[in-house]
Amino acid sequence: MPSDERFNAELAVICEGITADPTAALRKAAAALSVGAGSFADGRFRVQGLAHFLEHMISMGCAAFPGENAYASFLDAHGGAENAWTDLEATCFHQEANADALGASLRRFAACFAAPLLKQKSFAREMKAVDAEFQQAVQRDADRLQELWCHTSAPDHVYGTFAWGNMDSLSREPEAAGVDVHAELRAYYETLYSSHLMALCVVCSQDLDDVEQLVRDSFGKIADRGGARPWYGNAGKPWSLGAGLAEVFRIVPVRENAHEIHLTFPLPSMKGGPEAMGALPRSERRDDYRKRLDELLAHLVGYEGEGSLLSWLRRAQLATALQAGCGEDAGGMERSTACYLFSVGIVLTPRGIAEWETVAQSVFWFLGLVQREAAAAAAAEAAEAAEAAEAEAAAEAAGEAAPTVRRKGGGSTSPGSDAARGSSSNNSDKNSRNNSDSNNNNNNNDNNDSNNVTSGDRLGRVFDELCRVGEASFRFASDVSPVDLAESYAELMQSPGLLTHPEDLLHAGHDTMNAQCVWDPTQFCALVENHLSLDNCRIDLISDSFDADAAADGAEKSGAKTDVAMAWHIEPRFGTRFSRAPMSEALRHACDARFAGNDTRGCFATS
């Protein structure tokens with residue numbers, strides 16, 4: 001690794017030995033290495049599922065330790081194990097072993113990336129392993145839905161890749177097309193498995209300086225191949241109006257007695273920065289962990305208490321459960337640099353699937369409430385900013401110092417400061433960062449976490465409350481295993497914001513909002529007003545009541561109504577049976593009226 005900067009090549013070494021933890025020496029040592037490339041990069045090559053296949057092949061022998069199972073056997077003999085996963089924009093490998101085997105295990109770990117053999121004699125077995133994972137996914141309706149999202153995405157969009165890989169995509173199809181899979185695999189490795197795209201985290205009890213030297217000696221042998229970091233901010237949404245959006249998809253599930261509705265809205269990526277397609281106002285590449293607008297929206301829509309959307313649906317006997325948000329993973333399809341996908345997933349009763357249009361209308365009614373609150377928050381911020389600017393101008397004219405603006409919720413700022421303009425500093429954190437170092441970043445958080453909340457901003461107060469609760473969770477987080485900690489940090493260091501702001505590391509990956517998060521009402525208002533519309537929504541209905549075999553006459557087993565004769569299709573990879581049709585004009589009119597607050601009849605008026 002070419003320079004001595006601490007975070008060069010996103011390298012981090014976390015040493016538990018510097019804490020006062022008396023059990024640190026008894027724990028296993030762990031390490032994780034992530035590569036800033038995943039299945040999205042398959043599009044550069046001629047084999048679908050190539051990134052996933054390379055993940056399987058990378059540890060099957062290397063120049064320094066050529067035995068096919070040498071690496072796994074060594075870890076097994078020293079109380080450890082290894083595993084890996086492939087996502088759309090990152091691939092992560094992790095290992096653990098007894099503490100006394102740290103040095104030898106790291107040398108073997110690094111050698112896998114420095115010079116893997118990628119032996120063709122291992123292909124058949126590892127292709128079968130990839131195919132076995134695919135066959136398991138075929139039985140999960142959630143994976144089938146995501147693959148349908150990919151299948152119905154725009155031609156040549158990055159979401160159109162078949163990320164899983166199976167025997168068809170890795171063997172039969174390349175063979176029929178005359179494609180050399182080994183050459184493609186080698187090309188992927190030599191293009192994207194470069195040290196400047198890698199991040200490493202080591203968790204152990206040894207001296208920090210000794211471990212850092214060990215890491216540099218071992219991993220410094222990995223070549224820096226140069227080249228641009230993969231970035232997909234110019235890809236935009238996977239669907240467009242009439243081609244995925246403003247359409248209703250009916251899907252036959254694997255499970256019996258399954259009834260669900262999913263309303264999905266593509267949003268601008270909160271990792272893409274100001275240059276990304278459709279970027280929100282004031283966008284930065286670290287907005288995903290600093291502003292967390294999608295998490296606030298998920299909290300509002302997914303709340304289950306009295307007066308919530310779910311409480312009304314339950315009283316009406318239409319639904320039993322509701323989940324909202326951009327998925328649970330830090331990356332993946334729902335949180336990529338191309339876009340975010342915000343989904344409202346509702347488990348329906350048999351009555352609910354028959355009356356799904358009422359359920360959809362209720363969601364848009366609730367989103368309309370959020371939109372009006374967001375507009376009020378943005379207006380309050382704009383009014384306060386105008387007042388502050390006027391006061392600053394008057395002070396300058398009088399030759400006085402700029403006055404201090406007192407904000408509701410504590411804290412004060414000068415009118416020209418970043419806080420007065422609604423921006424901020426710092427950030428957030430991930431999984432379970434229980435390192436004592438975090439206390440250094442929290443000294444003054446109790447007074448600062450509400451500085452951006454203006455008078456009359458009810459959403460801002462909710463945001464502030466979530467930050468306070470999340471901060472308590474961060475500061476008093478329970479212990480986590482070394483390998484889980486290493487894996488989460490290695491994944492986190494691929495975040496676009498952290499590439500330029502490594503000082504954000506401790507808070508950036510915390511899985512709840514915290515004191516480093518920043519409330520931006522103008523950005524939230526733009527998100528809700530511009531992207532939560534019916535024209536930017538696809539509806540996926542999943543029910544075993546849909547009779548795909550009766551596609552000829554467009555019938556359904558249930559009494560669910562449709563005014564469009566359905567043609568049924570089969571998604572080619574998972575074999576999912578589905579139909580698609582435009583949203584009816586009646587549904588569009590009803591949802592628009594609910595969203596605008598012009599129709600509040602019945603239960604909607606009191607929800």
Side-chain angles (χ1 to χ4, degrees), residues 7 9-14 30-41 51-52 54-56 58-59 81-96 109-110 112-113 163 192-203 215 219 222 229-232 269-272 285-290 292 294-295 325-338 340 427-435 438 474 477 480-512 514:
F7 283 90
E10 295 78 62
L11 170 67
V13 179
I14 301 170
L33 184 146
S34 63
V35 182
S39 296
F40 273 171
H52 188 193
L54 178 56
E55 171 231 301
H56 277 249
I58 204 75
S59 61
E82 53 91 19
N83 211 333
W85 50 259
T86 304
D87 214 329
L88 295 180
E89 297 182 87
T91 307
C92 187
F93 304 81
H94 49 91
Q95 66 157 47
E96 65 177 351
F109 193 34
C112 291
F113 303 97
L192 295 168
Y193 272 53
S194 171
S195 64
H196 79 291
L197 298 180
M198 294 179 176
L200 174 71
C201 177
V202 178
V203 181
V215 165
F219 291 86
I222 301 174
R229 176 176 289 272
W231 182 77
Y232 304 94
S269 174
M270 295 169 204
K271 298 178 179 179
R285 289 197 175 188
R286 47 185 186 157
D287 283 351
D288 63 315
Y289 59 81
R290 292 177 69 244
R292 304 206 181 202
D294 59 305
E295 295 182 35
C326 295
E328 298 179 355
D329 296 332
M333 187 175 184
E334 294 162 302
R335 292 176 180 269
S336 74
T337 58
Y340 274 30
N427 71 351
S428 53
D429 180 71
K430 181 159 182 157
N431 221 317
S432 42
R433 312 289 188 248
N434 58 344
N435 298 311
S438 63
F474 171 74
V480 63
S481 71
V483 68
D484 288 343
L485 186 63
E487 180 186 355
S488 61
Y489 268 119
E491 177 189 12
L492 176 61
M493 285 187 285
Q494 295 294 346
S495 171
L498 287 171
L499 297 178
T500 52
H501 293 276
E503 70 277 4
D504 291 350
L505 182 63
L506 287 181
H507 277 84
H510 189 44
D511 57 3
T512 61
N514 54 74

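Predicted model, so just to flag it, every value in this text is computed and none were measured. In what follows, every heavy atom counts, from backbone to side chain, and hydrogens, waters and symmetry copies are set aside. Along the sequence shown, the residues carry numbers beginning at 1.
For the residue pair Leu192 and Pro230, the shortest heavy atom distance occurs at CD2-CG, 4.0 Å. For Ala199 against Met493, the heavy-atom pair with the smallest separation is CB-CB, 3.7 Å. Across all non-hydrogen atoms, the minimal contact from Ala490 to Cys92 is CB-SG, 4.3 Å.
Among Lys271, Glu89, Arg285, the single residue meeting the side chain to side chain donor-acceptor pair (under 3.5 Å) criterion with Thr337 is Glu89. Results of the side chain to side chain donor-acceptor pair (under 3.5 Å) test with Trp85 over His94, Glu491, Glu487 single out Glu487 as the only residue that passes. The side-chain contact (heavy atoms from CB on, under 4.5 Å) test with Arg286 is passed by exactly one of Leu498, Leu499, Asp504: Asp504.
Listed for the Thr91 side chain is no donor-acceptor partner under 3.5 Å among the backbone atoms of Val35. Distance alone, capped at 3.5 Å, places no donor-acceptor pair between the Glu82 side chain and the Phe93 backbone. Here the side chain of Ser488 pairs a donor or acceptor atom with the backbone of Asp484 at under 3.5 angstrom.
Rounding to the nearest 0.5 Å gives a distance of 8.0 Å between SG of Cys201 and CG of Leu505. To the nearest 0.5 Å, the span separating OG on Ser336 from CG on Asp288 amounts to 11.5 Å. Taking SG from Cys326 and CE from Met333, the interatomic distance works out to 12.5 Å, rounded to the nearest 0.5 Å. Here OH of Tyr193 is found 9.0 Å from CG of Leu33. Values are rounded to the nearest 0.5 Å. One distance of note links CZ of Arg229 with CD of Gln494; it measures 5.0 Å at 0.5 Å rounding.
In the model, Thr86 has a side-chain atom that pairs as donor or acceptor with a side-chain atom of Glu55 under 3.5 Å.
Side-chain contact between Met270 and Tyr340 is present, with at least one heavy-atom pair separated by less than 4.5 Å.
Looking at residues two or more places apart in sequence or on another chain, you find no side chain to side chain contact (heavy atoms under 4.5 Å, CB included) involving Thr500. The ring-ring contact (aromatic ring centres under 6.0 Å, His included) check on Phe40 picks up Tyr159, Tyr232, with sequence neighbours excluded. For Asp87, there are no salt bridge (charged side-chain N to carboxylate O under 4.0 Å, His left out) partners two or more places apart in sequence or in a different chain.
In summary, the aromatic rings of Phe219 and Phe113 are positioned with their centroids too far apart to meet the 6.0 Å limit.
Looking at Arg292 and Asp287, no side-chain N of the basic residue comes within less than 4.0 Å of a carboxylate O on the acidic one, giving no salt bridge.
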